[in-house]
Amino acid sequence: MKHISQGTLFDKKETEKLKRDVRKMMTSSIINSLVGRDVRKVRQFIFKIIAVGDGTAGKTSIIRRYVHEEFDSKYIKTIGVSHALKRLCLNDAEITITIWDTGGQELFDCIRPQYYRGAHGVLIVYDVTSQESFDHLDKWIAELDFNCGNVPKIIVGNKIDLTGERVIPPEAGEKYARQNFVSHSETSAKTGENIAEVMEELAKLIISRSNKFRAARAKK
Ligand code: G3D
Ligand code: MG
């Protein structure tokens, strides 16, 4: 258990565990990638992805659905950040995604900046049945720009399985995202609809950003 007064979201033990997990996963992923493949063409990436948005928009559920392929409506909220790892293969790239969950700490303005630190990609989640969560997107984007600069991001309208309760139509989400030059998708953590697709799209955005960055650096 981490204490907010310590001023850090990631205690030493958790950071060490993450490093061990990533090393283990990278080792097995390297071995797997060598089988029948030209190793010179395999590129390895490690991304940190975070999810922001109003409490109860479904951030934890999206992460759990993606990583564990499960949805638990009785999930007990914990105080503290937890991380999860997932491996993804995209063309010539092997990606280890570390996904960080706030464990409900999105409520505490003062500690969120530490959660943002080092993020390569962000899911900005709202709930399609909640006008308020949609109205707060401005605030989340502003905070994100301040803490992470122009990081790859996707606006995600979650809970589309609740068709009768929907108050934000897909077109409104699309329009808002277009106006803010951000991609937009809709998901259901409950049914799993579109979850893997959104994560893959975000990974592609991050890789494309990193390719552009490398090309620009090579030109200098
Ligand atoms: P948060 O991490 O953004 O705070 P949670 O949100 O993932 O904790 O989800 C908040 C509540 O919404 C949970 O309900 C969860 O089961 C529900 N939820 C999340 N995603 C979906 C979805 O796609 N569809 C539906 N129908 N419900 C969803 P409880 O009742 O446990 O608080
Ligand atoms: Mg949560």
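Start at 1 and go down the list; that is how both ligands and their atoms are numbered. On a predicted model such as this, the values are computed, not experimentally measured, just so you know.
Listed by chain and residue number, Y126, Y176 satisfy the ring pair (Phe, Tyr, Trp, His ring centres under 6.0 Å) test with F134 (two or more places apart in sequence, or in another chain).
Interface of S61 with ligand 1, defined as ligand atoms under 4.0 Å from a residue heavy atom, comprises 5 (P), 7 (O), 9 (O), 15 (C), 19 (C), 20 (N). Atoms of ligand 1 lying under 4.0 Å from at least one heavy atom of D161, given by number and element, are 22 (C), 23 (O), 24 (N), 25 (C), 26 (N). When each atom of ligand 1 is checked for a heavy atom of L162 under 4.0 Å away, the hits are 26 (N).
For the salt bridge (charged side-chain N to carboxylate O under 4.0 Å, His left out) condition, the pairs that include at least one residue of residues 147-161, sequence neighbours left out, are D127-K159, D145-K153.
Counted by atom type alone, N147 and E143 present zero donor-acceptor pairs between their side chains at under 3.5 Å. A side-chain donor-acceptor contact under 3.5 Å links E201 and S183.
Residue contacts with ligand 1: A189 is placed with a nitrogen or oxygen under 3.5 Å of a nitrogen or oxygen of the ligand (distance criterion only). Residue-to-ligand polar distances keep G55 apart from ligand 1: every N/O pair is separated by 3.5 Å or more. Residue I160 has no nitrogen or oxygen atom sitting less than 3.5 Å from a nitrogen or oxygen atom of ligand 1, judged on distance alone. Remark: ligand 1 and K190 share an N or O pair separated by less than 3.5 Å (distance only, no angle test).
Judged by the shortest distance from any of its heavy atoms, D54 lies inside the 4.0 Å radius around the atoms of ligand 1.
Counted within 6.0 Å of CD on E200, heavy atoms from surrounding residues, nucleotides or ligands total more than 12; the atom is thus considered enclosed.
When atom types are taken as modelled, the side chain of R209 and the backbone of H120 share no donor-acceptor pair closer than 3.5 angstrom.
Distance check, rounded to the nearest 0.5 Å: CD1 of I168 to CD of E174 gives 13.5 Å.
Using a 4.0 Å cut-off between heavy atoms, T60 contacts ligand 1 through both its backbone and its side chain.
Among the atoms of S61, none of the N, O or S atoms falls under 2.8 Å from the Mg ion (ligand 2).
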